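Right, one structure below, let's go through it.
Excluded from the calculations below are hydrogen atoms, water molecules and symmetry mates; all remaining heavy atoms, backbone and side chain alike, are included. Keep in mind that this is a model prediction, so the values were computed, not measured.
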Amino acid sequence: MDQLEKIYEVSNKDLLKEKGLRYGAIASPLVLSIVPAVLFFVLGLLFSSFFFFLSPLTLVGGFVLGLIISVGLLFYRSSWLKNIRERIAVDGIRAEEVDWFKNEMTSEEKKALKEIESRNLLLADAYRDTLAARLTATRIKKATNRELLLAKKRQNKVRYLKSDNSKGLLEEIETDIEKLQKIKTEADEMKVEAQTRLQMIEGTARRGTDLAGTELILKKLSARTSELPLALETAKMEEEYRKEFEKEFEKELEEQGL
């Protein structure tokens, strides 16, 4: 299977921005409190005792202001990271992108990855690849559940209209539901496969055995990791077209007084 082109690549600018927001949130209370306080203390030594009075005030005031800025940066960073993760995951998460999804990893997975990286870098790469598949499958399952819920709500809404013209629309929505259910089933299977392989790689790392067999059984999983997210995006696009059609359909019914 040909390798699919990545839709979104994390740039150096993204990496620098993430570090800047993280360290900025940590440093803000310290910089805004200590630096002015030290400055006024030095000015007090050089010029007037009045600056000594300002030193503790700026220490407290700067710290409070720094905390406010820090909280703001943390909220912004959280929102920005969520957006970045969504863009990365559109066509599947790759091994080198796993670190962006640490908040979606279990504590056991984080611990296992750290231990394997300290023992065998080749096994660590395989573990990251499989972990990326597990994260992708979990995201697909959640997204598919949301899309299924919305599709079924629209289905019930169209049925409530009880119009002859709604028959074709109901058939199309039913087709979409079947596609989403198929994607969900495949995502469930991929998640189970990935979790099984994670356990196998952990066992291989503990035994210190060869990785050749593990690499072979990862090939099928890697291919599905690339295909499923794109399949879900296609289904979601079809749903968007369906929504627009439904709006026009409902508008037409309202004009007819139905």
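Contact check for R87 versus N83: side-chain heavy atoms found under the 4.5 Å cut-off. L123 has its side chain out of reach of E117: every pair of non-hydrogen atoms, C-beta onward, lies at least 4.5 Å apart. Taking 4.5 Å as the limit, some side-chain heavy atom of N103 sits within range of a side-chain heavy atom of R85.
Within the 3.5 Å criterion, the main-chain N or O of Q181 finds a donor-acceptor partner in the side chain of T185.
Looking at residues two or more places apart in sequence or on another chain, you find a side-chain hydrogen bond (donor to acceptor under 3.5 Å, both in side chains) between E18 and R22, R77. Taking the salt bridge (charged side-chain N to carboxylate O under 4.0 Å, His left out) definition, one finds that E202 meets it with R206, sequence neighbours left out. Applying the side-chain hydrogen bond (donor to acceptor under 3.5 Å, both in side chains) criterion to E96, with sequence neighbours excluded, gives R94. Applying the side-chain contact (heavy atoms from CB on, under 4.5 Å) test to L39 and every residue at least two apart in sequence or in another chain returns L43. With sequence neighbours left out, the side-chain contact (heavy atoms from CB on, under 4.5 Å) criterion links E86 to R139.
No more than 12 heavy atoms of other residues, nucleotides or ligands sit less than 6.0 Å from atom NZ of K111.
Partner of E186 under the side chain to side chain contact (heavy atoms under 4.5 Å, CB included) criterion, out of K184, K182, M190: K182 alone. A side chain to side chain donor-acceptor pair (under 3.5 Å) with T138 is found for one member of K141, K142, R134 and no other, namely R134.
Every pair passing ring-ring contact (aromatic ring centres under 6.0 Å, His included) that includes a residue from residues 15-43 is listed here, sequence neighbours excluded: F41-F52.
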